[in-house]
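I have placed the structure first, in the form of structure tokens, so that the comments after it can refer back to it.
Protein chains get the first letters and strands the later ones, always in sequence-line order, with residue 1 at the start of each.
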Number of protein chains: 2
Amino acid sequence: MKFSSRIKSVEASTIMELLTYAAQAKKQGKKVYHLNIGQPDIKTPENFFEAIANNKEEVLEYALSEGLHELREAIQKYYREYDINFDLEDILILNGGSEALFFTMLTICNEGENILVPEPFYSNYNSFANAVGVEIKPITTFAENGFHLPSKEEIVSKIDGNTRAILFSNPGNPSGVVYTKEEINMISDIAREHDLWIIADEVYREFVYEGDYTSLGNVKEVEDRVIIVDSVSKRYSACGSRIGSLASKNKEFMGEILKLCQARLSVPTLEQIGAVELYKTPNSYLTEVNEEYRERRDVLYNELVKVPGVICKKPTGAFYIVAKLPVKSADDFVKWMLSDFEIDGETVMPCPAEGFYKTKGLGVDEIRLAYILNKEDLSKAAKILKEGLEAYLKLDR
Amino acid sequence: MKFSSRIKSVEASTIMELLTYAAQAKKQGKKVYHLNIGQPDIKTPENFFEAIANNKEEVLEYALSEGLHELREAIQKYYREYDINFDLEDILILNGGSEALFFTMLTICNEGENILVPEPFYSNYNSFANAVGVEIKPITTFAENGFHLPSKEEIVSKIDGNTRAILFSNPGNPSGVVYTKEEINMISDIAREHDLWIIADEVYREFVYEGDYTSLGNVKEVEDRVIIVDSVSKRYSACGSRIGSLASKNKEFMGEILKLCQARLSVPTLEQIGAVELYKTPNSYLTEVNEEYRERRDVLYNELVKVPGVICKKPTGAFYIVAKLPVKSADDFVKWMLSDFEIDGETVMPCPAEGFYKTKGLGVDEIRLAYILNKEDLSKAAKILKEGLEAYLKLDR
């Protein structure tokens, strides 16, 4: 049977092979600290579950294609607290940030057109793009300067007649970078000068540990070309709810993408009822979570940089660290950690970072660490990682 | 700002304009019986809500991309009762039948390729196809013979070098047709002889009121090319849960489409927990629901065919009736019903059927009725519709 060339161009998840190594390690009785995935361990606010349990509707009906009115209002209110003023029709509910990104690509790009994305980037951007024939043109950033953007000239040099947008996550997954106001202004200038859309993936916007955060929602000059992707997944540790949102003041864009929302009918009703409550979570929850993650980052970062040759600027956002290691192959290092190394029967699983790069050959000596374990476990994991890396380097593999 | 030509080719929901007529009628104090949408009024089995309310997990984590193991097992068991034997890896959980169809199109078709679909068909097939540059080539069927398929020769004449699949819903939305064993065999033969995929949308498979039902899952000769789309939405009146599934014995297909499932991470965890329980609903629930719908169909059908000139064979499946009316414009008739007609302050809203046809000019004199109201209301609605139609015909519009 024949398959489309576009599906053939979508890469399978590369973590599967490594997970078999992890499974093998566990079979041998090893405890594996998983720093390879962005699944937080923080408790989901109870009001989410309560609202769903309290549902009294006996018929579980389709919700409106644009999303529950109450949820869109809750998101409108959330943004207003940051001085971002959306009309209700500027906000749509999507099946996670994933669907928001996928539908956005379909709405603004034809096959053969392209989108600029700073690399390393969330690898599923590439899956969505390949599935619909859109090319991602990477703007390479480096561990040496904490994955901040290159010069305006370098970015502009990537633009061609088929470029339709700049897409980035800020704070960055996997890099943990938080772009400065100057960087955001530079992106805005480029978008205006070259008539590009800006797709701002701000799902980690509440996870900023030092310095200011500049949302694209606050840049008046580009409000007609900004599309903000957001989600409750990380913010409220509700990944499994798959409630995302899109916001844009470009009414024509909202009208066009709504057609795709109508085609898939609606987003789950109960999850939306729960999500309304998430947006009512007191700010103290976010403050506490933020403080917790900041401490975790410090624990992990401080161990990691003890190893000579590790290149890593302290990230200031999200809950990831990307580090360049003095190794030939991070993939080999991760496999070795799982199969050949342990301290008191315990080891650590980082994620090789190669999959976050579009440019072949980049990231092969880098790992991404997600600091999603409690401090006690993370502290142990950080020490095991440091000692494992030191032992591995002595092997000269 | 520029939009993609593919999004421009997706049509907006046409029901919106008519809904403003309905809203206007309600403002004037009229009661409107909505027969225009496929949202059942049947109660969702309580065990769905109970399972979700009883969830004890404090962190709402991502589910596996392929779906909860327990849910896939439940679906495997469901099919086994119909002598359809899928391995667990032959089954994937999707965000409704919608995502299942959308991902399937991406997996088997490139831009510019086409899929044969008997018309009238579920209009969102066209939205998904247009969004990804796939052409739907209609195989026209007619009210006069209950929307059964034309000859093999006629279907084969539509196939060209870019044809990749035959897609249909069986029982049919909007037509209510249930294909005979001979028709299913004909489709299977065509698919084998012309190397096509068969996408069988069987979401209404439990709604069959007379005669046998032949699932594509039971046709051994084409098991390597059949993709079955299913959903809990209608079967268990759980439209708002958005839990759909895909099943295929073509392992390569399952591997390819899984990449798209991985890219969008997962389907909501709680809804899947609830859906596991739906599949445990005793068969008596489905039998009762079936009996209820059969009676409703008869109530509506019997009134409708009293009007001279109405062409409609009694449909045997799903919960829709498509009728050809002796009018110039069904759209005008529906508007008139909403704005100019009433009996004791009540009127009815059918759905014009033009949007279910790809061929321009077809369906302009047809309506689709969804029998999704309780018998008492439906009985009133049927009489109002009959009298409204009779009155409208006298106007000679």
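- No part of B:Y125 comes within reach of chain A, as not one of its non-hydrogen atoms sits under 4.5 angstrom from that chain.
- Heavy-atom distances place the side chain of A:F48, and not its backbone, under 4.5 Å from chain B.
- When heavy atoms are compared at a cutoff of 4.5 Å, A:F49 approaches chain B solely by way of its side chain, counted from C-beta outward.
- For A:L196, the part lying near chain B is the backbone, with the side chain staying farther off; criterion is any non-hydrogen pair under 4.5 Å.
- Of the listed residues A:A12, A:G97, A:G274, the one with more heavy-atom pairs under 4.5 angstrom with chain B than any other is A:A12.
- Between B:D195 and A:M1, the shortest heavy-atom distance links the atoms OD1-SD, 3.4 Å.
- B:I42 contributes atom CD1, which lies 12.0 Å from atom CD of A:E58 (distance to the nearest 0.5 angstrom).
- Looking at heavy atoms from C-beta onward, B:Q39 lies in side-chain contact with A:V59 at the 4.5 angstrom threshold.
- Taken from CD1 in A:I257 to CZ in B:F3, the straight-line distance is 9.5 Å, to the nearest 0.5 Å.
- Ranking A:A238, A:S233, A:S237, A:C109 against chain B, the residue ahead of the rest is A:C109, based on heavy-atom pairs under 4.5 Å.
- Dense packing is recorded around CD of B:E70, with more than 12 heavy atoms of other residues, nucleotides or ligands lying under 6.0 Å away.
- Chosen from B:T107, B:N130, B:I108, the residue pairing most often with chain A at heavy-atom distances under 4.5 Å is B:T107.
- If you tally non-hydrogen atom pairs under 4.5 Å between each of B:N110, B:I52, B:N124 and chain A, the highest count goes to B:N110.
- Applying the ring pair (Phe, Tyr, Trp, His ring centres under 6.0 Å) test to A:F253 and every residue at least two apart in sequence or in another chain returns A:W197.
- Options A:R225, A:E46, A:M105 differ in how many heavy-atom pairs under 4.5 Å they form with chain B, and the most are formed by A:R225.
- At a 4.5 Å heavy-atom cutoff, A:N54 makes no contact with chain B through either its backbone or its side chain.
- At a 4.5 Å heavy-atom cutoff, the contact between B:N250 and chain A is made by side-chain atoms alone.
- Only the side chain of A:R164 comes within contact range of chain B, judged by heavy atoms closer than 4.5 Å.
- A 4.5 Å side-chain heavy-atom check between A:L106 and B:V132 finds at least one atom pair inside the cut-off.
- No other option in B:A63, B:G133, B:S241, B:G255 has as many heavy-atom pairs under 4.5 Å with chain A as B:S241.
- Within the 4.5 angstrom heavy-atom criterion, only side-chain atoms of A:N95, from C-beta onward, approach chain B.
- Atom CD of A:E193 is surrounded by more than 12 heavy atoms from other residues, nucleotides or ligands within 6.0 Å.
- A:G38 approaches B:Y62 most closely through the heavy-atom pair O-CE1, 4.3 Å.
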Donor-acceptor contacts under 3.5 Å from residues 260-271 of chain A side chains, at least two apart:
{"from": "A:Q262", "atom 1": "OE1", "to": "B:S13", "atom 2": "N", "distance (Å)": "3.0"}
{"from": "A:R264", "atom 1": "NE", "to": "A:E99", "atom 2": "OE1", "distance (Å)": "3.1"}
{"from": "A:R264", "atom 1": "NE", "to": "A:E99", "atom 2": "OE2", "distance (Å)": "3.2"}
{"from": "A:R264", "atom 1": "NH1", "to": "A:S65", "atom 2": "O", "distance (Å)": "3.3"}
{"from": "A:R264", "atom 1": "NH1", "to": "A:C261", "atom 2": "O", "distance (Å)": "3.1"}
{"from": "A:R264", "atom 1": "NH2", "to": "A:I93", "atom 2": "O", "distance (Å)": "3.0"}
{"from": "A:R264", "atom 1": "NH2", "to": "A:E99", "atom 2": "OE1", "distance (Å)": "3.1"}
{"from": "A:T269", "atom 1": "OG1", "to": "A:E61", "atom 2": "O", "distance (Å)": "2.8"}

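- A 6.0 Å sphere centred on CD of B:E221 holds more than 12 heavy atoms belonging to other residues, nucleotides or ligands.
- Rounding to the nearest 0.5 Å places CG of B:L60 at 14.5 Å from NZ of A:K43.
- With a 4.5 angstrom heavy-atom cutoff, B:Q272 does not touch chain A via any of its atoms.
- If you tally non-hydrogen atom pairs under 4.5 Å between each of A:S127, A:P40, A:S5 and chain B, the highest count goes to A:S5.
- Looking at B:K2 and A:E256, no side-chain N of the basic residue comes within less than 4.0 Å of a carboxylate O on the acidic one, giving no salt bridge.
- Looking at B:N55, the atoms closer than 4.5 Å to chain A (heavy atoms on both sides) all sit in the side chain, from C-beta outward.
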